[in-house]
Amino acid sequence: MKNELRELLQAAVRSLEGSLLPGPIDASAVTVERARDVQHGDFACNVAMRLAKSAGRNPRELAAAIIAALPANTLIDRAEVAGAGFINLHLAKDRYTRELLRVHELGDRYGRNEPPHRRKVLLEFVSANPTGPLHVGHGRQAAFGDALGSLLAAAGDEVVREYYINDAGRQTEILAVSVWVRYLEAGGESLPFPQNGYRGDYIRPVALHLHERYGTRFMQPAAAVLESLPADAPEGDKEKYIDALIARCQQLLGAAGWQSILEDSIAEMLAEIRDDLEGYRVRFDHWVSERAFTQSGAIDRALERLRKLDLLYVKDGATWFRASQFGDDEDRVVIRDNGIKTYFASDIAYHLDKRERGYDVLIDVLGADHHGYVTRVRGGLQAFGHPGECLEAPLIQLVALYRNGEKLSMGKREANFVTLRQLREEVGNDACRIFYLMRSNDQSLDFDLELAKSKSNENPVFYIQYAHARVASVMKELGARSLGYEPQAAGEIIARRGAELLAGPHAEAMLASLSRYPEVIEQAAAQRAPHALVHYLRDLATSLHAFYNAERVLVSDDELRQARIHALRAVQCVLRNGLAILGVSAPESM
RNA sequence: GCGCCCGUAGCUCAGUUGGAUAGAGCAUCAGGCUUCGAACCUGAGGGUCGGGAGUUCGAAUCUCUCCGGGCGCGCCA
């Protein structure tokens with residue numbers, strides 16, 4: 001609807017080029033927006049004011065000329081100049097009922113855009129290290145990433161969801177050694193737990209599985225394990241201590257034994273993460289293993305290319321990438337002085353690989369604490385000639401859980417933290433998702449557990465779902481009373497006299513809200529803002545509740561009844577489409 | 001110190017390609033169920049959009065500056 005209007009206005013503006021307007025006009029300057037005040041009609045356009053100065057014309061005069069130049073159409077009833085030079089558009093009476101029929105015509109395709117050239121988007125999110133279960137912060141990233149993916153797909157992009165498994169590197173070694181220490185404990189040895197290890201309870205079952213699978217093969221006396229190790233924190237350095245412990249484990253068990261513990265531990269953690277995400281209804285198209293990626297030689301090839309571009313140099317025994325040439329604060333290390341490549345090196349290669357797989361847009365959904373990382377990864381892409389703008393990184397601010405007004409503390413290496421699984425079990429997937437998505441991603445989020453669980457009117461989850469269920473309930477009641485409703489006939493009734501049957505402030509507000517859905521999808525996708533969809537659905541639900549309270553649906557007047565049911569079902573359809581994008585269920589009853 | 005995010009009604013937050021009188025939920029107050037689901041609806045009060053300066057026909061929105069809060073600033077990932 002909005003796009004049709006914009007095209008009409010663009011045509012009008014173009015026809016004035018060379019006469020009232022100098023030179024060609026940028027079509028993007030012509031925009032229309034919903035009028036906020038009903039006095040101003042349905043839509044308003046400010047192009048006359050925007051062009052007035054460069055045209056050397058009075059904006060109101062220009063507006064009048066544009067109106068006069070509007071092509072013939074059936075959408076606009078009248079257009080008038082208002083205020084400083086606005087063009088207010090009053091649409092034909094049947095504007096919204098025509099749109100209502102489109103909802104029925106398209107069903108779950110309503111609101112979806114199918115452009116001729118679809119951009120290929122690679123959406124990477126969560127990508128949590130397989131060193132522990134997903135926590136509530138990951139839950140927000142998962143909800144956001146998944147909803148954004150659906151939103152972009154609805155808006156016409158070709159979206160692939162990808163999870164990058166950080167299964168290489170030091171963190172996984174720390175995981176393995178943490179498991180080993182718990183394994184030794186379970187076998188009866190007594191030794192201190194490393195300060196820098198993963199202390200969470202989730203480590204113990206992994207250790208027990210090791211016993212089940214390998215028996216006592218990895219057992220060692222505590223004295224042998226601890227012999228001549230440097231001091232752990234607080235007296236010593238926890239990093240040095242755990243590195244020494246890792247080395248000791250490798251020495252005592254041999255490379256094969258160490259590999260078994262490492263791989264089993266990662267596999268178990270990863271299985272848990274996948275299971276969590278599955279239960280959360282978040283699915284990925286690709287799971288990319290960093291280890292496999294590394295072993296393919298892709299990192300070495302990328303570094304070699306950088307070297308040929310003279311973008312690497314050696315200093316203090318380390319190899320540095322000239323990130324500062326691409327806007328970063330300083331150059332960054334890609335190979336440490338001990339010969340080990342940094343995570344950044346693999347990320348350069350990984351993001352390059354994404355582009356070389358043919359994706360136009362790369363989106364990394366990141367926790368807000370990773371913001372400093374974006375510039376250098378972008379720099380890496382630019383080094384290979386890719387535009388920096390092809391990488392977007394929506395940052396997800398922190399989540400704080402509250403119970404009874406009290407903030408719960410979190411920390412991955414601490415023994416107590418709330419996992420995504422615990423949260424889902426407590427409040428349910430739907431409440432979880434809506435609460436995570438309600439707020440803009442760059443707003444930190446206070447998650448009130450009691451509120452999310454409450455089945456009260458304070459809880460926005462139920463408000464939207466209730467609207468959907470209410471329509472289902474009307475349909476059931478319709479059957480029980482054996483009143484007639486036939487979609488085909490209802491469509492014809494509305495085509496004939498919909499504007500008359502669905503008149504009145506509540507019906508009109510509801511249908512106006514309904515017709516906004518395609519615009520909301522388009523804009524929310526463009527702004528990467530799933531929360532805008534949540535707010536819209538709440539508005540749409542409000543308009544349905546208001547209509548429902550004001551007007552009786554199951555009336556004896558056959559045409560009136562059919563028209564009203566048809567309208568309700570269209571709203572229900574859009575609610576369902578919108579909730580599906582958010583990953584929230586649309587229940588028939590509650 | 002530098003970088004990013006945030007500051008809008010009592011509370012939690014929408015509102016950024018600059019638009020007309022700044023919105024919603026909760027809370028408060030006043031109303032609405034013999035009839036399709038009251039998990040709902042109708043109405044009222046409530047604002048120096050953190051402060052200041054600038055840009056212009058027009059600023060919550062853009063620029064600068066200051067204040068306050070959060071996060072980050074490794075040869076970790």
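This is a predicted model, so every value here is computed, not measured. To find a chain, count down the sequence lines: A is the first, B the second, and so on, and within it residues start at 1. Computation of the quantities below employed the complete heavy-atom set of this structure, encompassing side-chain atoms and omitting hydrogens, waters and symmetry-equivalent molecules.
Applying the side chain to side chain contact (heavy atoms under 4.5 Å, CB included) test to A:P518 and every residue at least two apart in sequence or in another chain returns A:E99, A:Y110. In this view, A:H566 and A:H104, A:Y485 satisfy the ring pair (Phe, Tyr, Trp, His ring centres under 6.0 Å) rule, not counting sequence neighbours. For A:F326, the ring pair (Phe, Tyr, Trp, His ring centres under 6.0 Å) partners two or more places apart in sequence, or in a different chain, are A:F321. Shown here are the salt bridge (charged side-chain N to carboxylate O under 4.0 Å, His left out) partners of A:D442, two or more places apart in sequence or in another chain: there are none. In this structure, A:Y548 has no ring pair (Phe, Tyr, Trp, His ring centres under 6.0 Å) partners at least two apart in sequence or on a different chain. Under the ring pair (Phe, Tyr, Trp, His ring centres under 6.0 Å) criterion, A:Y241 pairs with no residue, sequence neighbours left out.
When the side-chain nitrogen and oxygen atoms of A:Y463 are compared with OP1 and OP2 of B:C41, one or more of them lie within a distance under 4.0 Å.
Residue pairs meeting the salt bridge (charged side-chain N to carboxylate O under 4.0 Å, His left out) criterion with at least one member in residues 542-558 of chain A, sequence neighbours excluded, are A:E551-A:R564, A:D558-A:R561. Screening residues 341-353 of chain A for salt bridge (charged side-chain N to carboxylate O under 4.0 Å, His left out), with sequence neighbours left out, gives A:D300-A:K341, A:D353-A:R357.
No side-chain donor from either of A:S513 and A:D539 sits under 3.5 Å from a side-chain acceptor of the other.
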| note | Contact string for nucleotides 54-64 of chain B, one letter per nucleotide 5' to 3', B = base within protein heavy-atom range under 4.0 Å, S = sugar-phosphate only, - = neither, reads --SB-------
| task | Determine, for nucleotides 9-15 of chain B in 5'-to-3' order, which nucleotides have protein heavy atoms under 4.0 Å from the base (write B), from only the sugar-phosphate (write S), or from neither (write -). | result | ---SSSS
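Residue contacts shown for A:A318 include a base, since a base heavy atom lies under 4.0 Å away.
Of all the residues in residues 341-348 of chain A, A:T342, A:Y343 reach under 4.0 Å from RNA chain B with at least one non-hydrogen atom.
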Which atom pairs, one a donor and one an acceptor, fall under 3.5 Å between side chains of residues 526-535 of chain A and the rest of the protein, sequence neighbours left out?
unit_1	atom_1	unit_2	atom_2	d
A:R528	NE	A:E392	OE1	2.6
A:R528	NH1	A:A525	O	2.8
A:R528	NH2	A:E392	OE1	3.4
A:R528	NH2	A:E392	OE2	3.0
A:H535	NE2	A:M438	O	3.2

